[in-house]
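What follows is one structure encoded as structure tokens, with my remarks underneath.
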Amino acid sequence: MNLTGREVVLGVTGGIAAYKSAEIVSRLRHLGAHVHVIMTKNATEFVSPLTFRTLSANPVVTDTFAAPEYWNVEHVALAKLAEVFVVAPATANILAKMAAGIADDMLSTTLLATKAPILVAPAMNTGMWTAPATRENIRILRERGVRMIGPDSGMLACGDEGAGRMSEPEAIVEEIGRILTGGKDYAGKRVLVTAGATRERLDPVRFLTNDSSGKMGFAIAQAARDRGADVTVVYGSVSVPLPEGVRLIPVESATDLMDTMMKKCPDQDVIIQAAAVADYRPEIRESEKIKKKGGDRLVLSLVQNPDVARAVGEIRKPGQTLVGFAAETEHLYDNARRKLDSKNLDMIVANDVTLPGAGFNTDTNIAALITRDGTEELPIQTKRKLADRILDEIIRLRKKDQSASD
Ligand code: CTP
């Protein structure tokens with residue numbers, strides 16, 4: 001990524017994650033960007049302005065009443081100069097001020113005045129992040145086109161565990177780069193993603209399912225959307241909020257998924273199957289609730305479900321790119337490579353779900369990308385970051401395909 005001469009304004013607010021913003025500045029500078037830092041008064045309690053001044057090689061603005069370091073009224077000057085305006089970390093307080101249009105210090109004033117795209121990286125205690133007021137502020141800001149990255153989940157400085165950690169500087173810088181460079185490498189592409197778990201009904205109130213939360217599939221859908229794709233998400237049972245700005249098709253069982261995929265797949269460019277599909281379903285789906293019968297044992301008879309990915313592979317159209325997932329607990333690479341061939345896929349994202357930080361219902365994943373060109377083992381990373389990596393790899397495969405058919 002080359003950001004030579006691009007103007008980035010970084011607002012730093014008062015949270016413990018403020019120290020991580022120093023890395024954002026140095027990474028941006030490394031890529032050639034000009035960085036201008038505005039700190040709130042509280043932020044200066046966590047990190048000295050000198051740190052940011054040294055790293056950015058620019059004056060650091062801390063409040064409206066200091067002698068102006070810029071040629072113009074500062075808040076207007078920086079608001080106009082910004083090609084992208086980043087707030088990292090963004091506390092609940094600055095989000096509330098932005099939503100309400102409050103301008104009572106240099107940062108909030110400049111934010112109100114800017115016309116540049118705004119990216120916020122929230123960081124706060126889980127209770128504050130989930131508070132109704134914050135939820136509402138986030139909704140308002142999203143509606144106005146403010147972009148969000150994170151927060152990630154994990155151990156927080158206050159000792160609580162949950163959502164609230166600021167995204168990693170590397171991910172924030174990548175997102176800044178995407179905003180600045182347009183980042184729309186999927187414009188005009190139709191991408192279909194499957195996500196979540198299927199439910200195989202036993203009776204009107206019971207079903208067989210699995211631990212899939214939908215997080216990985218949704219992260220891919222959001223990344224593809226942000227990169228300009230026209231995205232369709234076919235999702236089963238999920239435990240996380242649905243992505244916005246995509247076409248959503250709910251399904252319940254593997255058979256429903258099959259029907260939907262047979263209809264929707266032919267006109268897609270890229271199909272990514274992250275859903276955890278049940279291999280078996282109850283042979284009989286009772287129309288009434290199953291009652292306790294005599295004896296201490298109930299035997300369920302299961303029959304095999306169709307393999308949706310294989311069926312999609314059989315009807316693939318020229319120019320389509322097909323990606324599957326393989327969640328394994330043993331012989332990861334052998335099993336995944338076998339699935340690459342048997343399902344006629346271009347890539348398998350293989351992960352060992354027994355590793356901590358990988359697999360179902362986590363915010364991170366440890367995966368390997370398996371293609372016919374080889375295997376690339378990736379380090380532990382957020383699902384969003386992995387999603388972008390998968391999309392990068394798909395672009396590479398498509399370019400290769402294209403040049404082979406030219
Ligand atoms: N898949 C599918 N239909 C199924 C089972 C799996 O479409 N009935 C898809 C999944 O969405 C995933 C890929 O196939 O993209 C691999 O899923 P996985 O459960 O790992 O593999 P299986 O083919 O079920 O093989 P096994 O159960 O033997 O590991």
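Whatever order the structure lists them in is the order used to number ligands and atoms, beginning at 1. Throughout, numbering of the chain's residues begins at 1 and tracks the sequence.
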Query raised in the report: Hey, does the side chain of Thr134 reach the backbone of Met128 with a donor-acceptor pair shorter than 3.5 angstrom?
Result: yes
Query - cation_pi(Arg135, Trp129) dist<6.0 Å, angle<=45 - result: yes
Query raised in the report: Donor-acceptor pair, Thr194 side chain versus Ala275 backbone, under 3.5 Å?
Result: yes
**Report entry** Residues Lys339 and Glu328 bridged, charged N to O under 4.0 Å
**Finding:** yes
Requested in this report: For the pair Lys41 and Asp105, find out whether any cationic side-chain nitrogen is under 4.0 Å from an anionic carboxylate oxygen.
Outcome: no
**Report entry** Residues Phe85, Leu119; criterion side chain to side chain contact (heavy atoms under 4.5 Å, CB included); working and verdict
**Finding:** CA-CA 6 Å; Phe85 205 126; Leu119 172 69; over 6 Å; no
If you look at each N/O of ligand 1, which protein N/O atoms lie under 3.5 Å away, and at what distance?
residue, atom, partner, partner atom, Å
ligand 1, 3 (N), Val308, N, 3.0
ligand 1, 7 (O), Val308, N, 3.4
ligand 1, 7 (O), Ala309, N, 2.7
ligand 1, 8 (N), Pro306, O, 3.0
ligand 1, 11 (O), Ala275, O, 2.9
ligand 1, 14 (O), Lys343, NZ, 3.0
ligand 1, 15 (O), Gln273, O, 2.8
ligand 1, 15 (O), Phe325, N, 3.0
ligand 1, 15 (O), Phe325, O, 3.4
ligand 1, 20 (O), Lys339, NZ, 2.8
ligand 1, 21 (O), Lys339, NZ, 3.0
ligand 1, 23 (O), Lys343, NZ, 2.5
ligand 1, 24 (O), Asp279, OD1, 2.9
ligand 1, 24 (O), Asp279, OD2, 3.1
ligand 1, 27 (O), Asp279, OD2, 2.8
ligand 1, 29 (O), Lys339, NZ, 2.9

